[in-house]
Amino acid sequence: MEFNNPTREEIGHILRNAGNIAVVGLSDKSDRTSYMVAEAMQSRGYRIIPVNPQAQGEILGEKVYATLADIPEPVDIVNVFRRDEFCAEVAREAAAIKANVLWLQLGIHSDEAVQIAAENGMTAVTNRCIKVEDSIVLRGAGRG
């Protein structure tokens with residue numbers, strides 16, 4: 001299956017309409033890419049929901065959840081900081097909570113995850129940094 005990421009216009013629409021962004025693999029260490037990207041997105045007005053079974057308490061002032069299923073509210077974007085081989089399972093979890101978008105960060109691509117997303121009506125974005133895309137399409141202004 002040939003996969004093409006959404007156009008920049010479509011990505012702009014996704015970001016402008018995003019409410020909650022669950023960040024799977026969000027580290028509690030401030031020197032990690034996942035932390036820096038999530039912190040930047042939070043500062044731009046997005047609601048970040050940390051998902052990391054190894055972390056407890058809060059990250060970036062938000063309660064950490066062990067799994068996507070544990071999040072008690074709707075999720076618009078599932079932003080993934082996990083290796084390719086874990087993405088299909090994350091896609092299944094994202095489908096189960098009826099997320100709108102499965103976003104695999106820069107350097108991450110999984111054909112199986114993309115297929116799961118498509119079969120469940122989710123938009124998939126792969127091998128793109130959500131922070132960079134926000135800067136390009138919304139000039140770093142966030143959704144607000």
Side-chain angles (χ1 to χ4, degrees), residues 3-114 116-118 120-144:
F3 173 75
N4 293 305
N5 274 313
T7 65
R8 284 267 156 77
E9 183 177 311
E10 291 166 330
I11 286 174
H13 178 77
I14 289 167
L15 292 171
R16 272 189 299 281
N17 293 291
N20 295 333
I21 301 176
V23 183
V24 177
L26 177 53
S27 176
D28 57 0
K29 296 174 178 62
S30 63
D31 63 336
R32 297 286 176 90
T33 302
S34 62
Y35 186 98
M36 291 183 274
V37 167
E39 184 178 45
M41 295 301 287
Q42 188 181 57
S43 74
R44 293 174 184 175
Y46 296 95
R47 166 85 190 290
I48 300 299
I49 302 173
V51 179
N52 184 336
Q54 307 304 317
Q56 296 189 8
E58 293 185 350
I59 300 175
L60 295 169
E62 293 283 351
K63 178 179 171 40
V64 178
Y65 295 94
T67 68
L68 289 171
D70 294 334
I71 299 171
E73 55 196 289
V75 171
D76 296 304
I77 299 175
V78 174
N79 185 217
V80 184
F81 284 90
R82 298 288 319 270
R83 292 194 316 260
D84 298 359
E85 62 265 27
F86 298 111
C87 290
E89 182 56 35
V90 174
R92 282 189 273 283
E93 291 175 18
I97 67 165
K98 303 197 180 325
N100 298 322
V101 178
L102 178 71
W103 191 304
L104 307 183
Q105 273 296 134
L106 189 62
I108 305 170
H109 179 82
S110 165
D111 287 332
E112 186 179 2
V114 166
I116 291 165
N120 287 279
M122 287 184 287
T123 300
V125 179
T126 76
N127 193 27
R128 295 280 169 88
C129 177
I130 197 168
K131 175 180 170 268
V132 170
E133 294 299 316
D134 181 72
S135 293
I136 292 169
V137 299
L138 301 179
R139 292 176 179 71
R143 62 188 182 96

Check: [X] side chain, [Y] main-chain N or O, donor-acceptor pair, under 3.5 Å:
{"X": "Asn127", "Y": "Gly107", "value": "yes"}
{"X": "Asn20", "Y": "Asp76", "value": "no"}
{"X": "Trp103", "Y": "Arg128", "value": "yes"}

Would you check if [X] and [Y] make a side-chain contact, meaning some heavy-atom pair closer than 4.5 Å?
{"X": "Asp28", "Y": "Asn52", "answer": "no"}
{"X": "Leu26", "Y": "Ser34", "answer": "yes"}
{"X": "Arg82", "Y": "Ile108", "answer": "no"}
{"X": "Arg8", "Y": "Glu133", "answer": "yes"}
{"X": "Lys131", "Y": "Met36", "answer": "no"}
{"X": "Leu60", "Y": "Pro50", "answer": "no"}
{"X": "Tyr46", "Y": "Leu15", "answer": "yes"}
{"X": "Thr126", "Y": "Val114", "answer": "yes"}

To the nearest 0.5 Å, what is the distance between [atom1] ([X]) and [atom2] ([Y])?
{"X": "Phe81", "Y": "Ile130", "atom1": "CZ", "atom2": "CD1", "answer": "8.5 Å"}
{"X": "Tyr35", "Y": "Ser30", "atom1": "OH", "atom2": "OG", "answer": "5.5 Å"}
{"X": "Leu138", "Y": "Arg44", "atom1": "CG", "atom2": "CZ", "answer": "9.0 Å"}
{"X": "Glu62", "Y": "Ile49", "atom1": "CD", "atom2": "CD1", "answer": "7.0 Å"}
{"X": "Gln54", "Y": "Gln56", "atom1": "CD", "atom2": "CD", "answer": "9.5 Å"}

(message) Looking at Glu9, I want to see if its CD is surrounded by more than 12 non-hydrogen atoms of other residues, nucleotides or ligands under 6.0 Å.
(response) no
(request) Decide, yes or no, whether a salt bridge links Glu112 with Arg92 under the criterion of side-chain N to carboxylate O below 4.0 Å. (result) yes
(request) Using side-chain contact (heavy atoms from CB on, under 4.5 Å) as the criterion, point out the one residue from Ile77, Val137, Asn100 that pairs with Ile14. (result) Ile77
